[in-house]
Amino acid sequence: MIEDLLDEAIKLAGKKFVEIEEEKITIFGDIHGDYSTMKKLMKDAHGFFIFLGDYEDRGREALEVYEEVLKLYVEGKAVMLKGNHETGEAFPHDFPALLEEKGVGELYSLFKRLWEKLPLFAVAGDLFLCHGGLATNSCRGVVSFSELKRNPEKYETEILWNDPMERRGCEFNYDRGIGYYFGRDLTRTFCEDEGFSCVIRSHQPYKVLLVEQDGYLITLGSTAIPYGLSSAAILRINLSESYKDGNDIVRKFGIVREVW
């Protein structure tokens, strides 16, 4: 079943940027093989699904997660963005060992083919969606939306690995040893120049559902068990309703559920 889903998903994928036209959307952050939490959050979902990446590693139910997400994707009901764990270069990367344990180690090559073709960012209405964060061109300045669309692969590492900070400017991310911290001034400039209300990203699921950088950014986490958290979140948004910024979005559309 999952092999067939992978084959079909590989055929469908390939765009590095996706524009989502549906008004009712549900956004999931990192899942990390936490299928039981994902299923609880699914009960509150509506409309079109947007997954921000990191489907595997850490949790023990990555195959179940992938089967659910891939089914939605091939049916045209979801978009799958790429996370830093969909590179095979993140730590921990226990997914290959999990596949071997389940007796389907040969599927890893198919997963890698899929990961290579997943989009890096998406737009839904006036929301910019990605896994890690905004690109800074190695701290030279925030990269424009038009430049991201022209050369997405050039900025892939930063889009997948960068983290926000409340300070201004840009700094190397010594905590991760890869990528950069982008300041609140860069996010504000990006949103105001490009006409976005907010950046919605994941990559730090322990924040669960946090508005940052003066309301211009939301960090979303949809996994709990692998991190020892008691709750996880989704954003169930109706784009036809009005909102001003990230604070408004979380207040109107944020759903946090206890999972223990």
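Atom set for the values below is all heavy atoms of this structure, side chains included, hydrogens, waters and symmetry mates excluded. Not measured: the values here are computed from a predicted model.
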May I ask you to decide whether R188 forms a salt bridge with D185, counting only side-chain N to carboxylate O separations under 4.0 Å? no

Atom CD1 in I159, atom CG in L134: separation rounded to 0.5 Å? 9.0 Å

Count the heavy atoms of every other residue, nucleotide or ligand shown that sit under 6.0 Å from CD of E106, and state whether that count exceeds 12. yes

Would you say that I218 contacts V250 through its side chain, given a criterion of any heavy-atom pair below 4.5 Å between the two side chains? yes

Approximate separation, where rounding is to 0.5 Å, of L114 CG and S109 OG: 11.5 Å

Those residues that, when tested against E61, pass salt bridge (Lys or Arg N to Asp or Glu O under 4.0 Å) (two or more places apart): none

Electrostatic pair E212-K207, nearest N-O below 4.0 angstrom: yes

List the steps and the verdict of side-chain hydrogen bond (donor to acceptor under 3.5 Å, both in side chains) for N173 and Y180. CA-CA 4 Å; N173 193 332; Y180 298 88; over 6 Å; no

Heavy-atom neighbours of K15 NZ exceed 12 at 6.0 Å: no

Non-neighbouring partners of E22 that pass side chain to side chain donor-acceptor pair (under 3.5 Å), sequence neighbours left out: none

Strictly below 4.0 Å, N to O, side chains only: are K39 and E64 in salt-bridge contact? no

Taking atom NZ of K71 as the centre, does the number of heavy atoms from other residues, nucleotides or ligands within less than 6.0 Å exceed 12? no

Determine whether the aromatic ring centres of F95 and F111 lie less than 6.0 Å apart. yes

Hey, do the aromatic rings of F145 and F17 have their centres closer than 6.0 Å? yes

Evaluate the side-chain proximity of L107 to E3: yes if any heavy-atom separation is below 4.5 Å, no if none is. yes

Quick check on the 6.0 Å ring-centre criterion: do F190 and F182 meet it? no

With a 3.5 Å cut-off and no angle check, do the side chains of N84 and H131 form a donor-acceptor pair? yes

Could you check whether the rings of Y108 and H93 sit parallel, tilted or perpendicular, using 30° and 60° as the cut-offs? tilted

Check against disulfide bond (SG atoms under 2.5 Å apart), C198 and C191: CA-CA 7 Å; C198 189; C191 288; over 6 Å; no

Is a side-chain donor-acceptor pair under 3.5 Å present for Y243 with D126? yes

Spacing of D34 atom CG and Y227 atom OH [to the nearest 0.5 Å]: 10.5 Å

Check the surroundings of atom CZ in R236: do more than 12 heavy atoms from other residues, nucleotides or ligands lie under 6.0 Å from it? yes

Any chance you could measure H32, atom NE2, to R60, atom CZ, to the nearest 0.5 Å? 15.5 Å

What residue among Y216, F121, F128 forms ring pair (Phe, Tyr, Trp, His ring centres under 6.0 Å) with F196? F128

May I ask you to check whether Y66 and Y55 place their ring centres under 6.0 Å from each other? yes

Does D44 pair with R257 as a salt bridge, N-O distance under 4.0 Å? yes

